[in-house]
Protein chains: 2
Amino acid sequence: MATIDDVARASGVSASTVSYVLSGKRPISAPTRLRVERSIRKLGYRPHAGARALASSQTNVLALMAPLRAGVNVSVIMQFVAGVVTTARKFDFDVLLLTQDDATGLERVSDGSMVDALIMMDIEADDPRVPVLAGLRQPGVLIGLPRDSVGLSCVDLDFDAAGRTAVRHLAQLGHRQVALVGSPRAVIERHTSYADRMLRGFTEQTAELGLEGVYEPCESSHAGAVAAVDRVLARMPGVTGLVVHNEVALPGVIATLRERGRSIPEDVSVVAVCPQDIALGQPLPLTSVDIPADAIGRVAVEMAMARVAGEQPTETRLLAAVLTERLSTAPPR
Amino acid sequence: MATIDDVARASGVSASTVSYVLSGKRPISAPTRLRVERSIRKLGYRPHAGARALASSQTNVLALMAPLRAGVNVSVIMQFVAGVVTTARKFDFDVLLLTQDDATGLERVSDGSMVDALIMMDIEADDPRVPVLAGLRQPGVLIGLPRDSVGLSCVDLDFDAAGRTAVRHLAQLGHRQVALVGSPRAVIERHTSYADRMLRGFTEQTAELGLEGVYEPCESSHAGAVAAVDRVLARMPGVTGLVVHNEVALPGVIATLRERGRSIPEDVSVVAVCPQDIALGQPLPLTSVDIPADAIGRVAVEMAMARVAGEQPTETRLLAAVLTERLSTAPPR
DNA sequence: CCTCTCGGTCGATGCGTTTCGACAGGCTCG
DNA sequence: CGAGCCTGTCGAAACGCATCGACCGAGAGG
């Protein structure tokens, strides 16, 4: 591999000049710059990442911790990941993927100076990884909202509002008995941030509007969907509005409702909380509150970059929940 | 951050001794080793990855290229990724995630000496990225089979055999008219390796056994599933055996068959080609040929590590296709 | 005409490791 | 008893880059 000295020699300048051509941190005359750039291309020169990191203490890599835990919906996770990676590239960063669900990975890549910033997903209310992340030298960004986020930036969909919006939509249509079919029990029990907030929004809004509301967790499989729907039907036979916050179970929920003689939206209205493509890929286009996974990933990276670059203080940004009306909701008959 | 010199000073030895304690490449007496190890723990010392990479030209990072293209099934991809990351950690490697679908990312991380090996997924028959990968300094491993894999190791499920096995199973049950519901058109048209081989296995085996076989691509949505099933039914009204190689469309295919009055397995038998958990998460447990994504990811890393470590020649390994009989197949009536 | 400034370039230094050659001392074997 | 050989340790030289201070020449300002 060609080194910066090879380039310098080939273009008759010193190594530092080549460095300045590359970084633009000092003015270089046009003719010199051209010569250097030509040598770079001719030699196929590319700076050695390690050497650069050593000299500048900047790696241009960020860590993304995406634990692949029980119950998490991988396709949604993947959308986050895609958003993060794509955006990172715009800042000329690469992404190191961590999937272990403890904090050792964080410390390893941070203390080893492998990354300039860290982004962490799937946050629980009292996530033990959060204080660890906050204690690291590099800035940290959370996708999700822990109870205490001191020293860290946070971004997420406003799941609280998502729950409220879904309920309000149903209430406006005239529904009085509504149910939330939520995340798998494992996710709930971890007090995963989004599930907690979703439930809170749903509960508070039903209470405020004087609706009857029930809540049922739902495993991510067909059988889980059947069971959850049946539990809802048993607890609330007159239910006419369903909020579903479980992408994987969605087809099963829809199928089971039909099997139990409830047609959508005539007998029961369904509001999904999921990425748009999933809402549109179902048997009928679902009224849904979009989870803009891609946008959330993008914002997370932007926050991280801001903190890497400057003295930007930490902040927490909640993306607005927007409901799109499609064919799965209607007034009760 | 503490450096190796801090550790050396704290334990009254030279820096090189500390280095040898860490690497074990030279014998160190027990008392010295103990003293050094204690200082390391006390100071929380962790070697600087960049410096280490510079001095040793080894990064302990591997690149994983997982293009997020149209039509690919993200949940399956994520399983591959999980397998790769988990296995990489066992070798003390981290994973850099690339998602761009061109070769620029490969060259960037390779030429920049950011990684010691590269793994690439979603391979097409004449994938333009393959020759680029083969030309890199670091070893490359493909998950999939290009037409020409010179200089590269390959690993994948034996999709050819998967197609044949599925057909044979149906034939043994007595089915004479069978259909393959496959990948989305976009995937086919790219000549994605697994889709090509699956189709070949299916086609050849039906021919050899004298069955009638038809093939239909299938978009990954409910609507796509409906359309594909209807096309199959139109072309082959007497079809009694279905091989489905499209995880996302699976629920739609099943629902549509029922809707068209075909019950499973009485009227039509269904063999899925998909990861096991998906086969089990459907309305009825499906007879399936497992796609062992996790194992494939693991093998890919093991091959990469072997090439990094030694002079291991390139090889291509196809994992056996095993069919598990469940409730979705039976003799035709 | 002299000084000041600024654009443009160079050398030297440092970043934190690994690794190679060297060396001291104790041991073995003839 | 001496040559040779381990064992355990050290010092120094890379590794490839960024960056700081210095330097030189040209133009501006007085």
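Convention: sequence-line order gives letters A, B, ...; per-chain numbering from 1.
Looking at residues two or more places apart in sequence or on another chain, you find a side-chain contact (heavy atoms from CB on, under 4.5 Å) between A:R89 and A:D92, A:D94, B:Q100, B:R108. In this structure B:R190 satisfies the side-chain hydrogen bond (donor to acceptor under 3.5 Å, both in side chains) test with no other residue, sequence neighbours excluded. Shown here are the side-chain contact (heavy atoms from CB on, under 4.5 Å) partners of B:P275, two or more places apart in sequence or in another chain: B:V76, B:Q79, B:E247, B:D277, B:I278, B:I291. A:D148 is linked by a salt bridge (charged side-chain N to carboxylate O under 4.0 Å, His left out) to nothing, counting only residues two or more places apart in sequence or in another chain. For B:S19, the side-chain contact (heavy atoms from CB on, under 4.5 Å) test picks out B:I4, with sequence neighbours left out.
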Listing, residues 109-122 of chain B side-chain donor-acceptor contacts under 3.5 Å, not counting sequence neighbours, or none:
from: B:S110; atom 1: OG; to: B:Q138; atom 2: OE1; distance (Å): 2.5
from: B:D111; atom 1: OD2; to: A:R46; atom 2: NH2; distance (Å): 3.4
from: B:S113; atom 1: OG; to: B:R137; atom 2: NH2; distance (Å): 3.0
from: B:D116; atom 1: OD1; to: B:T59; atom 2: N; distance (Å): 2.9
from: B:D116; atom 1: OD1; to: B:T59; atom 2: OG1; distance (Å): 3.0
from: B:D116; atom 1: OD2; to: B:T59; atom 2: N; distance (Å): 3.0
from: B:D116; atom 1: OD2; to: B:T59; atom 2: OG1; distance (Å): 3.4
from: B:D116; atom 1: OD2; to: B:N60; atom 2: N; distance (Å): 2.7
from: B:D122; atom 1: OD2; to: B:R69; atom 2: NH1; distance (Å): 3.2

Under 3.5 Å, side-chain donor or acceptor atoms of residues 301-310 of chain B against the rest of the protein: list the pairs with distances, not counting sequence neighbours.
none

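A:V36 has its side chain within reach of A:V7: a pair of non-hydrogen atoms, C-beta onward, lies under 4.5 Å apart. The shortest distance between side-chain heavy atoms of B:T99 and B:P67 does not fall below 4.5 Å.
In this structure, the side chain of B:D196 does not engage the main chain of B:S193 through any donor-acceptor pair within 3.5 Å.
Contacts with DNA chain D (heavy atom under 4.0 Å) in residues 54-61 of chain B: B:L54, B:A55, listed by number. The stretch residues 12-36 of chain A touches DNA chain D through A:S16, A:S19, A:Y20, A:K25, A:R26, each having a heavy atom within less than 4.0 Å of the strand. Residues of residues 41-53 of chain A that place a heavy atom closer than 4.0 Å to DNA chain C do not occur.
With 3.5 Å as the limit, one finds no donor-acceptor pair spanning the side chains of A:S29 and A:R33.
Note that the first and last nucleotides of DNA chain D, 5' to 3', having any atom under 4.0 angstrom from a heavy atom of chain A are D:dG16 to D:dA22.
For A:C154 against A:P146, the heavy-atom pair with the smallest separation is SG-CD, 4.1 Å. Scanning all heavy atoms of the two residues, the minimum distance from B:A8 to B:S14 falls at CB-C, 3.6 Å. Taking both residues in full, the closest heavy atoms of B:L98 and B:A63 are given as CD2-CB, 4.2 Å, listed atom of the first, atom of the second, then distance.
Taking CD1 of B:I143 as the reference point, atom OG of B:S153 lies at 12.0 Å (rounded to 0.5 Å).
Rounded to an integer number of Å, the gap from CG of B:D5 to P of C:dG14 is 13 Å.
Where the helix from C:dC1-D:dG30 to C:dG30-D:dC1 starts and where it ends, the local axes point in directions that differ by 40°; five pairs per end, rounded to 10°.
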